[in-house]
Number of protein chains: 2
Amino acid sequence: MARTDAPTRREQILKEAARLFAERGFHGVGVDEIGAAVGISGPGLYRHFPGKDAMLAELLVGISGQLLTGARRRLAEADGDARPSAVLDSLIEGHIDFALDDRPLITLHDRELDRLRDSDRKLVRQLQRQYVELWVEVVREVYPALTEPTARSAVHSVFGLLNSTPHLGRAGTLPGRGATAALLHRMARGAFAAAGSA
Amino acid sequence: MARTDAPTRREQILKEAARLFAERGFHGVGVDEIGAAVGISGPGLYRHFPGKDAMLAELLVGISGQLLTGARRRLAEADGDARPSAVLDSLIEGHIDFALDDRPLITLHDRELDRLRDSDRKLVRQLQRQYVELWVEVVREVYPALTEPTARSAVHSVFGLLNSTPHLGRAGTLPGRGATAALLHRMARGAFAAAGSA
DNA sequence: CAGCGAGGTTAGCGGTCGTTAACCTGAAGG
DNA sequence: CCTTCAGGTTAACGACCGCTAACCTCGCTG
């Protein structure tokens, strides 16, 4: 399942661009810096992307798409299983994996959306909305007492909780990936449970 | 207690700058736009601030200071009261008030910190660290089972949860400020409780 | 009422940034 | 061996942006 072949230059560029955008903001990074980060310089990037905007667009569309696709897959896998609580656990697990493994992307995801061209922004927002609605449905199955607007607020808040990984210290001080994932999972479930006991 | 006198021009500028920085990022906003937002144009701002950086610095230092001061006040007020759980509730309430009333500032607070001069950034980080440590101590009194690193992670995660207010829809679709505050409060307590039951 | 400082204005400078143009190179293929 | 083309290079252009300079105009105040 894991990629073993070497990353293409295009993928290198996207990865470094994501890191730099997350660190200093889209407008705070020059194309020369992105080029330097992959060993080429400045305008060489234009052999791979039509412009700086296109890199950000591909990153954000990719993130939103991956999150949505992963969530749908998890929902389908658990289709026979009728326990909504297990499905919610699976969704949480998937989001945590993403938040822990791709911190720069998680950072970009809710920070640089407004820097996109209209059409790209609409696409990303649509993917995000579908992702949220998928969560809302599952959450409401687990906690039927929640109204839809309340469930949606709760989902956004739990996203805030899970996406706090970039603030959690530079991987050295952390109690290990497994323990952090478990902590976040427990807290997310606790937050939903508290929301559901209106 | 509430301010009734008209805001000074300086305060107007800070408020509009905060809104614009939050919307489009520090580098995405020009001084001409900030000026236009308060009815003067461009370089007129330099009668009130030595530069664009200084506006951001004052905003971020102000936020961090306010949060820390408020938390210390709440801690002092509850000094006689020995119930740590009540103190934690007070801290949560204060943070929620801030997150709901000053969304642009909350957004800036964890987004544009790296755009500051070294000295300002160190100051802000110091204030933030003291705020976090204050929370960590209170949380560990309520949930003694938590180790210090785990408690710190939990605090950061709950900040992520509470700071999700900018994603909660544009005030029209919300179930009202009181209900939202109550929901966030419940979820924060639920998240801490889940973290504490390791 | 003269003078002056607070708080504006517009013009413009210097630097940076995204992008394009023109050119180079080495490997693959007929 | 010649051609081609992917993937680079450097130079430079045009736009924008933060900031300064120079100037203006009130409302105070001695």
Side-chain angles (χ1 to χ4, degrees), chain A residues 5-61 104 108 111-121, chain B residues 5-61 104 108 111-121:
Chain A
D5 47 336
T8 69
R9 166 99 337 153
R10 209 160 182 287
E11 287 166 336
Q12 286 180 47
I13 294 171
L14 283 176
K15 185 181 163 198
E16 294 302 311
R19 184 179 55 82
L20 289 167
F21 289 160
E23 279 175 12
R24 299 213 285 281
F26 179 67
H27 291 297
V29 182
V31 290
D32 290 357
E33 299 178 73
I34 303 174
V38 297
I40 73 182
S41 222
L45 296 171
Y46 287 75
R47 299 287 166 193
H48 303 276
F49 295 92
K52 191 185 164 193
D53 303 0
M55 300 179 207
L56 182 64
E58 186 158 331
L59 284 170
L60 292 189
V61 172
L108 286 184
R111 188 169 297 197
E112 306 286 354
L113 181 59
D114 298 319
R115 262 54 99 197
L116 254 47
R117 286 175 27 230
D118 269 23
S119 59
D120 291 324
R121 189 172 54 247
Chain B
D5 47 337
T8 68
R9 166 93 347 145
R10 208 159 183 289
E11 289 166 335
Q12 288 179 44
I13 294 172
L14 283 176
K15 186 183 161 198
E16 294 301 312
R19 185 179 54 81
L20 289 167
F21 289 159
E23 280 175 10
R24 300 212 284 282
F26 179 68
H27 291 297
V29 182
V31 290
D32 289 357
E33 298 178 75
I34 303 174
V38 297
I40 72 182
S41 221
L45 296 171
Y46 288 77
R47 299 287 167 195
H48 304 276
F49 295 92
K52 191 185 165 193
D53 303 358
M55 301 180 206
L56 182 64
E58 185 158 331
L59 284 170
L60 293 189
V61 173
L108 285 184
R111 189 168 299 195
E112 306 286 354
L113 181 60
D114 299 319
R115 262 53 97 196
L116 254 48
R117 286 175 27 230
D118 269 24
S119 59
D120 291 324
R121 189 171 56 246

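Numbered from 1 within each chain, the chains take letters A, B, ... in sequence-line order.
- At a threshold of 4.0 angstrom between heavy atoms, the contacts of B:G30 are confined to the sugar-phosphate backbone, with no base atom among them.
- Considering CD of A:Q12 and CZ of A:R9, their distance stands at 4.5 Å, rounded to 0.5 Å.
- Scored by the side chain to side chain donor-acceptor pair (under 3.5 Å) test, B:R111 finds no partners at all (sequence neighbours excluded).
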Mind running side-chain contact (heavy atoms from CB on, under 4.5 Å) on A:R10 and A:E58 for me, showing each step along the way?
CA-CA 11 Å; A:R10 209 160 182 287; A:E58 186 158 331; 2.8 Å; yes
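- A nucleotide of DNA chain D counts as in contact with chain B when one of its atoms lies under 4.0 Å from a heavy atom; the first and last such, 5' to 3', are D:dG18 to D:dC23.
- The stretch residues 47-59 of chain A touches DNA chain D through A:R47, A:H48, each having a heavy atom under 4.0 angstrom from the strand.
- You can see that DNA chain C meets the heavy atoms of chain B within a 4.0 Å-exclusive cut from C:dG7 to C:dA11, reading 5' to 3'.
- One finds the CG atom of B:D120 at 9.0 Å from the CG atom of B:L60 (value rounded to the nearest 0.5 Å).
- B:E23 and B:R19 are joined by a salt bridge, as a carboxylate oxygen and a charged side-chain nitrogen come within less than 4.0 angstrom of each other.
- A:V29 comes within 4.0 angstrom of sugar-phosphate atoms only, judged by non-hydrogen atoms across all strands, and of no base.
- With sequence neighbours left out, B:D114 forms a salt bridge (Lys or Arg N to Asp or Glu O under 4.0 Å) with B:R125.
- Between the side chain of A:E16 and the backbone N or O of A:I13 there is no donor-acceptor pair closer than 3.5 Å.
- Between A:E112 and A:R121, none of the side-chain N atoms (NZ, or NE/NH1/NH2) sits under 4.0 Å from a carboxylate O, so this pair counts as no salt bridge.
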Can you give me every donor-acceptor pair (side chain of residues 40-55 of chain B, partner residue at least two apart or in another chain, under 3.5 Å) with its distance?
from: B:K52; atom 1: NZ; to: B:F26; atom 2: O; distance (Å): 2.9
from: B:K52; atom 1: NZ; to: B:V29; atom 2: O; distance (Å): 2.9

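- Between B:R117 and B:S119, the side chains place a donor N or O and an acceptor N or O closer than 3.5 Å (distance only, hydrogens not considered).
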